[in-house]
Visitor: 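Have a look at this one.
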Amino acid sequence: MRKNRAAAISILFLLLGSAAWWVAAQTAAKSSPPDAARPAAAVITVPGMPAVVDPQNLYSEIGASHMSAAVSGALERVYVPNRTANTVSVIDPATLNVIDTFKVGINPQHVVPAWDLRTLWVANNAEGRTDGSLTPIDPKTGKPGASIRVEDPYNLYWSPDGRSAIVVAEAYKRLDFRDPNTMRLQYSIATPQCGGINHADFSIDGKVAFFTCEFAGAITKVDLVNRRVVGTIKLSKYFSRPEVLAIIAAPGKKPKKVPDPSELGSEICTTQGMPQDVRASPDGKVFFVADMMADGVHVVDAESFKQIDFIPTGVGAHGLYPSRDGKSLYVANRGSNEIRGKPAGKGSVSVIDFATRKVIKNWPIPGGGSPDMGNVSADGTHLWLSGRYDDVVYRFDTRSGSVDKIKVGREPHGLTVWPQPGRYSLGHTGNLR
């Protein structure tokens, strides 16, 4: 009898313990969010790079209210480099008037905010010549300083730690890392497979950069820590159709368009793509690449370094700019597939939703145009773009898509709006984070 009683008591305690474990497990399950809702792990960045505040949105610090003390006192201006006029036009955004024009170097391509936000640099690459230069602008006065001779500065970026200026020497398929103040050469990275190396963006941790290759139809991945090219891949709107890629890659001269074997009445464009601007998704997992020949935006997975999508936008997709809330991506469609386009092309702006990767709006330019490079106003209400072949600047209202036009110099290119929110600049016309 005592043995039976002891056994019953043991079983009771075992059941009670199991019940307590089950209740505890259920409580823990309810209190723990699913994987999708859990906070993202902190991003381990390269030394010297500012911390990533929100791993789900690397654009969290470019919101309208996040103005750095470094831009205090900067005049509200739009600086427009006029490539064939060798000048910079200065627009007062309050009046939409050009209030100043000054000479810079030969063939100014882009106006680039410095990493520390205290200087704007005009990249004068002097195409086909040897007298390229960088011209500093003081944003507190709006006036230029003495130019510094630099070989072929088509574009200009900054290492995420701020220790180097990265001069994109397009003609030489090379990246020159220079002192960010004196522009003295530190070292170079050759990019032999990247013909027409052009625009760039950086991984969320600052360890890797992705540079587009305009004349190779490709994108190159550069390891900034080990100072080497990781690889280069071709991009195509037919990326998911190997039979079409085989037709395009077949030797021999082909017409620009050939019949599509799988779609009666459709045609395949055999012309190689021309990738232009590149921009990271808010979580840094994929990169969007505008292609002015493919008339849309490629999507590349950052980790696997493979193309995973293509988004048709408009003729001559060129510049990419995130909205201030990090939810949308503005695509400037230049209106032409030609390097030297004509005025009044089929220019427009497409708006891509980052979350769905779908075009949710499209704003054509009344009468045609050639929207190229620029940026978003500090408050996010306007998108400013140069009209490359119409010698104007466009100001798009980001709520309605309506357009204002301001006459500037010949062939305006990579304009910047200043000041902009953010803690530091990664280069181009204002890739701030």
Visitor: Report the C-alpha separation of Phe211 and His199 in whole Å, then their side-chain angles, then the decisive distance to 0.1 Å, and conclude whether the side-chain contact (heavy atoms from CB on, under 4.5 Å) test is met.
Guide: CA-CA 6 Å; Phe211 281 84; His199 302 96; over 6 Å; no
Visitor: Would you check if the side chain of Tyr238 reaches a backbone N or O of Cys269 as a donor-acceptor pair within less than 3.5 Å?
Guide: yes
Visitor: Taking atom NZ as the centre, does Lys346 end up with more than 12 heavy-atom neighbours from other residues, nucleotides or ligands that are less than 6.0 angstrom away?
Guide: no
Visitor: List the residues meeting ring pair (Phe, Tyr, Trp, His ring centres under 6.0 Å) with Phe202, not counting sequence neighbours, and say none if there are none.
Guide: none
Visitor: List the steps, then state whether ring-ring contact (aromatic ring centres under 6.0 Å, His included) holds for Tyr330 with Tyr321.
Guide: CA-CA 5 Å; Tyr330 301 115; Tyr321 306 97; 8.3 Å; no
Visitor: Any side-chain heavy-atom pair from Val392 and Pro412 closer than 4.5 angstrom?
Guide: no
Visitor: Step by step, would you call Arg241 with Glu243 a salt bridge (charged side-chain N to carboxylate O under 4.0 Å, His left out)?
Guide: CA-CA 6 Å; Arg241 299 183 61 189; Glu243 77 283 4; 3.0 Å; yes
Visitor: For a 4.5 angstrom cut-off between non-hydrogen side-chain atoms, does Pro180 reach Trp158?
Guide: yes
Visitor: Quick one about Ser348 and Asn333 (side-chain donor to acceptor, distance below 3.5 Å, no hydrogens or angles considered), yes or no?
Guide: yes
Visitor: Mark yes or no for whether Asp397, through its side chain, and Arg399, through its backbone, hold a donor-acceptor pair below 3.5 Å.
Guide: yes
Visitor: Taking atom CD1 as the centre, does Ile44 end up with more than 12 heavy-atom neighbours from other residues, nucleotides or ligands that are less than 6.0 angstrom away?
Guide: no
Visitor: As a quick check of understanding, evaluate ring-ring contact (aromatic ring centres under 6.0 Å, His included) for Phe288 and Phe354, giving each step before the final call.
Guide: CA-CA 10 Å; Phe288 295 78; Phe354 269 128; 5.5 Å; yes
Visitor: List in chain and number order the residues that pass ring pair (Phe, Tyr, Trp, His ring centres under 6.0 Å) with Tyr59, two or more places apart in sequence or in another chain; answer none if no residue qualifies.
Guide: none
Visitor: Is Gln272 reaching over with its side chain to a backbone N or O of Phe215, donor-acceptor style, under 3.5 angstrom?
Guide: yes
Visitor: Considering the options Asp100, Thr101, Asn82, which one meets the side-chain hydrogen bond (donor to acceptor under 3.5 Å, both in side chains) requirement together with Thr87?
Guide: Asn82
Visitor: Hey, are Arg388 and Glu411 close enough for a salt bridge, meaning a charged N less than 4.0 Å from a carboxylate O?
Guide: yes
Visitor: Does NZ or CZ of Arg340 lie under 6.0 Å from the centre of the six-membered ring of Tyr389, at an angle within 45° of the ring axis?
Guide: no
Visitor: So that I can tick it off, tell me whether Asp201 and Arg433 are bridged by a salt bridge, with the cut-off set at under 4.0 angstrom between side-chain N and carboxylate O.
Guide: yes
Visitor: Do Cys213 and Ile197 have side-chain heavy atoms sitting under 4.5 Å apart?
Guide: no
Visitor: Report yes if the side chains of Ile106 and Arg129 come closer than 4.5 Å at any heavy-atom pair, otherwise no.
Guide: yes
Visitor: So with a 6.0 Å cut-off around NZ of Lys254, is the heavy-atom count from everything else above 12?
Guide: yes
Visitor: Using the rule given for salt bridge (charged side-chain N to carboxylate O under 4.0 Å, His left out), can you reason through Arg174 versus Asp176, listing the C-alpha separation, both sets of side-chain angles and the distance that settles it, and then say yes or no?
Guide: CA-CA 6 Å; Arg174 192 181 71 214; Asp176 290 338; 2.7 Å; yes
Visitor: With a 4.0 Å cut-off, would you call Lys237 and Asp295 a salt bridge?
Guide: no
Visitor: Distance alone, cut at 3.5 Å: any donor-acceptor contact between the side chains of Thr220 and Thr232?
Guide: yes
Visitor: How about Gln307 and Lys234: does a side-chain donor come under 3.5 Å of a side-chain acceptor?
Guide: no
Visitor: Give the ring-plane orientation class for His110 versus His413, where under 30° counts as parallel, over 60° as perpendicular and anything between as tilted.
Guide: tilted
Visitor: Check the side chains of Asn125 and Gln109 for a donor-acceptor pair under 3.5 angstrom, ignoring hydrogens and angles.
Guide: yes
Visitor: Show the nearest heavy-atom pair for residues Thr429 and Gln420, with the distance to one decimal.
Guide: O-NE2, 3.4 Å
Visitor: Does a side-chain heavy-atom distance below 4.5 Å link Tyr394 with Ile365?
Guide: yes
Visitor: For Thr45 and Asp205, test the side chains for any donor-to-acceptor distance below 3.5 angstrom and give the result as yes or no.
Guide: no
Visitor: Whether Asp372 and Arg334 form a salt bridge (side-chain N of Lys/Arg under 4.0 Å from carboxylate O of Asp/Glu) is what I want to check.
Guide: yes
Visitor: Can you confirm whether Leu156 sits close enough to Val167 that some side-chain heavy atom of one is under 4.5 Å from a side-chain heavy atom of the other?
Guide: yes
Visitor: Would you indicate whether the side-chain heavy atoms of Val300 and Leu235 approach each other to under 4.5 Å?
Guide: yes
Visitor: Considering only heavy atoms from C-beta outward, does the side chain of His428 approach that of Tyr157 to under 4.5 Å?
Guide: yes
Visitor: Can you tell me if Thr135 and Ser147 form a side-chain donor-acceptor pair at under 3.5 Å?
Guide: yes
Visitor: Quick one: list whatever passes side-chain hydrogen bond (donor to acceptor under 3.5 Å, both in side chains) with Ser386, sequence neighbours left out.
Guide: none
Visitor: Do Thr119 and Asp138 have side-chain N/O donor and acceptor atoms under 3.5 Å apart?
Guide: no
Visitor: Would you tell me whether Glu127 and Asn107 have side-chain atoms, one donor and one acceptor, within less than 3.5 Å of each other?
Guide: no
